[in-house]
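Everything below concerns the one structure shown next.
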Amino acid sequence: RSQLLSFSLLPAPDADQLLNSLSVDPDAECKYGLYFRDGRRKVDYILVYHHKRPSGNRTLVRRVQHSDTPSGARSVKQDHPLPGKGVSLDAGTAEPPMDYHEDDKRFRREEYEGNLLEAGLELERDEDTKIHGVGFVKIHAPWNVLCREAEFLKLKMPTKKMYHINETRGLLKKINSVLQKITDPIQPKVAEHRPQTMKRLSYPFSREKQHLFDLSDKDSFFDSKTRSTIVSIARITSLLANGVYAAAYPLHDVSNLDTRFISLLYEEWARYGVFYKYQPIDLVRKYFGEKIGLYFAWLGVYTQMLIPASIVGIIVFLYGCATMDENIPSMEMCDQRHNITMCPLCDKTCSYWKMSSACATARASHLFDNPATVFFSVFMALWAATFMEHWKRKQMRLNYRWDLTGFEEEEDHPRAEYEARVLEKSLKKESRNKEKRRHIPEESTNKWKQRVKTAMAGVKLTDKVKLTWRDRFPAYLTNLVSIIFMIAVTFAIVLGVIIYRISMAAALAMNSSPSVRSNIRVTVTATAVIINLVVIILLDEVYGCIARWLTKIEVPKTEKSFEERLIFKAFLLKFVNSYTPIFYVAFFKGRFVGRPGDYVYIFRSFRMEECAPGGCLMELCIQLSIIMLGKQLIQNNLFEIGIPKMKKLIRYLKLKRQSPPDHEECVKRKQRYEVDYNLEPFAGLTPEYMEMIIQFGFVTLFVASFPLAPLFALLNNIIEIRLDAKKFVTELRRPVAVRAKDIGIWYNILRGIGKLAVIINAFVISFTSDFIPRLVYLYMYSKNGTMHGFVNHTLSSFNVSDFQNGTAPNDPLDLAMPTTGASCSYASGAGQASRASRPMGTLSQGRRLPAPTRARWVLGFLQTWRTTF
């Protein structure tokens with residue numbers, strides 16, 4: 001009955017098809033829900049909604065309202081149900097309870113679906129599904145609609161004409177053939193990845209020039225990716241946000257046995273067993289679209305470029321291991337004969353300690369603080385620039401292969417929220433004008449002009465009114481205050497961790513166990529870094545939600561503007577959140593300590609912490625490695641694997657409770673659109689890009705302190721590619737294919753990080769590392785041209801009788817001086833000697849050179865980099 005009532009909704013040929021579908025064999029249902037009930041029209045898009053029995057009285061009232069509208073055809077379309085297994089009310093049905101909220105959603109759906117029918121799309125409803133209370137609207141785009149929209153979108157389609165791709169000749173041809181034979185085992189076994197000698201000429205589709213295109217098979221001329229792009233429903237976002245529809249998505253294509261997209265993608269791309277192979281990027285683009293294809297292409301290029309960086313980083317690390325026993329400063333610190341007694345690390349509770357107790361830390365710091373580290377910093381600066389240029393070339397080649405050379409992004413439609421805000425402003429403005437006109441007498445001769453203006457304005461008030469900066473000023477002010485507040489919260493948390501480190505060090509110093517007291521620095525550092533890691537992971541989630549809320553209240557006009565503003569805010573907050581603890585250790589820890597007798601205190605109670613005798617670079621390495629590896633392991637991998645699995649299990653248990661006893665049989669009979677509905681919705685590429693950009697910062701910004709960072713990033717990305725691929729193929733609903741010719745704002749962020757990395761690495765080498773002080777000592781102060789005496793050169797002596805009241809150690813008897821005179825040593829900094837109260841011994845300028853010397857080295861490094869590029 002519902003099919004016969006829908007004849008008025010379809011053109012004559014489709015009515016004939018519908019007649020034939022009445023006698024179609026029952027096996028038509030076995031096409032996995034990829035087709036309409038006639039078994040011929042393919043489902044291009046799915047709308048999902050929650051349904052209840054509507055209230056009878058309000059249905060009558062609303063339909064009478066529709067019959068009064070001037071568009072009679074539209075009201076007829078809404079009065080008749082869509083073809084399919086819908087639920088209709090009979091005249092004798094008892095009236096259910098009134099539910100105005102559900103009725104409003106239902107009538108909005110009817111109005112929206114009526115607009116789709118007017119646009120030429122064909123719809124079919126299915127409410128008799130295995131999922132309780134969920135209905136589906138299947139959408140099919142006929143040939144004429146596909147042609148019309150393809151011409152409007154200027155889609156480039158392959159023509160009948162083919163041309164030959166010029167091949168390399170001579171020596172280059174032989175080299176390419178050898179490389180192809182070598183790399184053949186790591187190439188994916190798909191036709192799209194093989195070198196092509198012939199290529200079809202592509203041309204923007206035109207209905208007037210259909211003879212230019214190969215239309216021998218109209219069903220496959222527009223593939224499923226192109227059809228989803230054409231049929232992707234505009235203005236559906238607001239309906240989804242208001243709960244009118246529960247979901248909207250294209251179906252995963254499992255019908256074409258010739259191409260076998262899903263099986264090919266899974267076998268050659270989404271399995272961990274093919275981690276060593278190249279990605280079938282062309283196949284990914286053919287199924288998911290250019291935007292997602294570009295993301296995986298960029299991720300593949302980034303991972304590929306990490307291989308040489310990892311090799312060089314391993315060489316630098318092995319060089320440090322090989323020269324560890326030849327490092328004279330660490331040997332002097334470990335020499336028991338020197339028996340240097342150091343001043344306490346905290347007031348009262350901490351005791352004097354021997355420098356030789358920090359032997360392990362000093363030896364380990366040489367692994368990451370050696371002359372090869374400087375070379376590696378310069379290498380990574382060149383690597384970052386090379387990576388960006390290599391990606392630009394790769395992107396241009398993909399644009400040529402994917403026929404995007406002449407593609408220009410069209411202006412997006414205004415967002416529904418923006419139009420609502422503009423409409424509200426327009427109505428307020430018009431009401432104010434009406435109030436003014438009430439007090440001003442209007443001439444009768446001009447009344448007809450006002451009527452004409454009102455009629456011409458119609459409902460397009462939003463075309464003449466725009467949101468200005470004055471309208472957005474409260475939102476901008478809220479954004480500024482909120483971002484400053486959240487950055488201040490991050491700084492406050494870092495300060496809290498600093499206080500924790502100071503307090504914990506003092507508390508552990510009072511422990512009676514010698515083993516605990518000997519490992520105070522390692523215990524405090526490790527626990528503080530773990531606290532930082534947990535806080536960073538939690539704040540990342542909080543800042544992501546806050547960034548989205550701040551972007552919403554700005555009411556950007558288009559989706560592109562919304563996405564760019566969201567990315568900028570989220571990146572800024574997550575950048576500060578992830579790198580603030582590392583910046584503190586690299587550039588602030590140990591810089592404002594003071595000296596014995598004149599220490600610097602926080603809140604007049606907590607003495608500022610010092611660096612280890614071997615410098616802060618080792619602690620920076622620990623901080624960077626734990627945060628980087630922890631974020632990759634917990635946030636990027638466990639969350640991406642565990643949370644979707646947990647959500648899938650919860651949905652399965654919920655459906656099992658709602659389904660009849662023969663649950664397993666119902667699962668087998670589910671249609672494709674029901675299976676896809678149970679998958680996770682696609683949330684965009686912003687989280688995927690964000691985690692890789694933050695990782696790129698870890699690899700480049702502080703790589704001078706952790707040469708193994710590229711290696712761990714490489715290992716993570718090898719897993720990340722297959723994890724993301726498996727997620728897109730098996731865990732997520734199929735996203736709508738979106739055309740794009742670049743990675744957008746992410747490229748500018750990468751460039752900014754690359755330039756910032758040069759500056760930060762230069763400062764790390766000059767201010768955090770001991771590289772420059774050792775060179776200065778070697779060429780200016782060493783008597784025999786060696787590093788012997790460097791440790792003693794960096795220390796100053798302090799008379800223990802000059803401690804301020806209440807700051808001296810409680811157990812001074814532990815001080816066993818090898819010579820006469822009660823004094824302890826401490827690492828002196830620039831300018832501290834002038835403030836010392838005449839400490840005993842020779843006060844050198846110390847390990848930290850004056851700022852002008854370090855600044856000249858930094859400027860020279862930056863000038864060299866600028867000249868190179």
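Across Phe712, Tyr579, Phe706, a single residue satisfies ring-ring contact (aromatic ring centres under 6.0 Å, His included) together with Phe698, and that is Tyr579.
Using a 4.5 Å heavy-atom cutoff, the side chains of Ser705 and Leu624 are in contact. Taking the side chain as every heavy atom from C-beta outward, Val699 and Met380 approach each other to under 4.5 Å.
For the residue pair Asn532 and Pro581, the shortest heavy atom distance occurs at ND2-CB, 3.8 Å.
Heavy-atom neighbours of Phe568 CZ from other residues, nucleotides or ligands within 6.0 Å: at or below the threshold of 12. Heavy-atom contacts from other residues, nucleotides or ligands closer than 6.0 Å to CZ of Phe588 number 12 or fewer.
With sequence neighbours left out, the salt bridge (charged side-chain N to carboxylate O under 4.0 Å, His left out) criterion links Arg607 to Asp347, Glu610. The disulfide bond (SG atoms under 2.5 Å apart) search around Cys621 returns none, not counting sequence neighbours. Glu609 meets the salt bridge (charged side-chain N to carboxylate O under 4.0 Å, His left out) test with Arg501, Lys589; sequence neighbours excluded.
A distance below 6.0 Å separates the ring centres of Phe798 and Phe803.
Under the 3.5 Å distance criterion, with hydrogens and angles disregarded, no donor-acceptor pair is assigned to the side chains of Thr794 and Tyr777.
Residue pairs meeting the salt bridge (Lys or Arg N to Asp or Glu O under 4.0 Å) criterion with at least one member in residues 788-801: none, sequence neighbours excluded. Residue pairs meeting the salt bridge (Lys or Arg N to Asp or Glu O under 4.0 Å) criterion with at least one partner in residues 628-639, sequence neighbours excluded, are Asp540-Lys631. Applying the salt bridge (Lys or Arg N to Asp or Glu O under 4.0 Å) test to residues at least two apart or on different chains, none of the pairs has a partner in residues 691-703.
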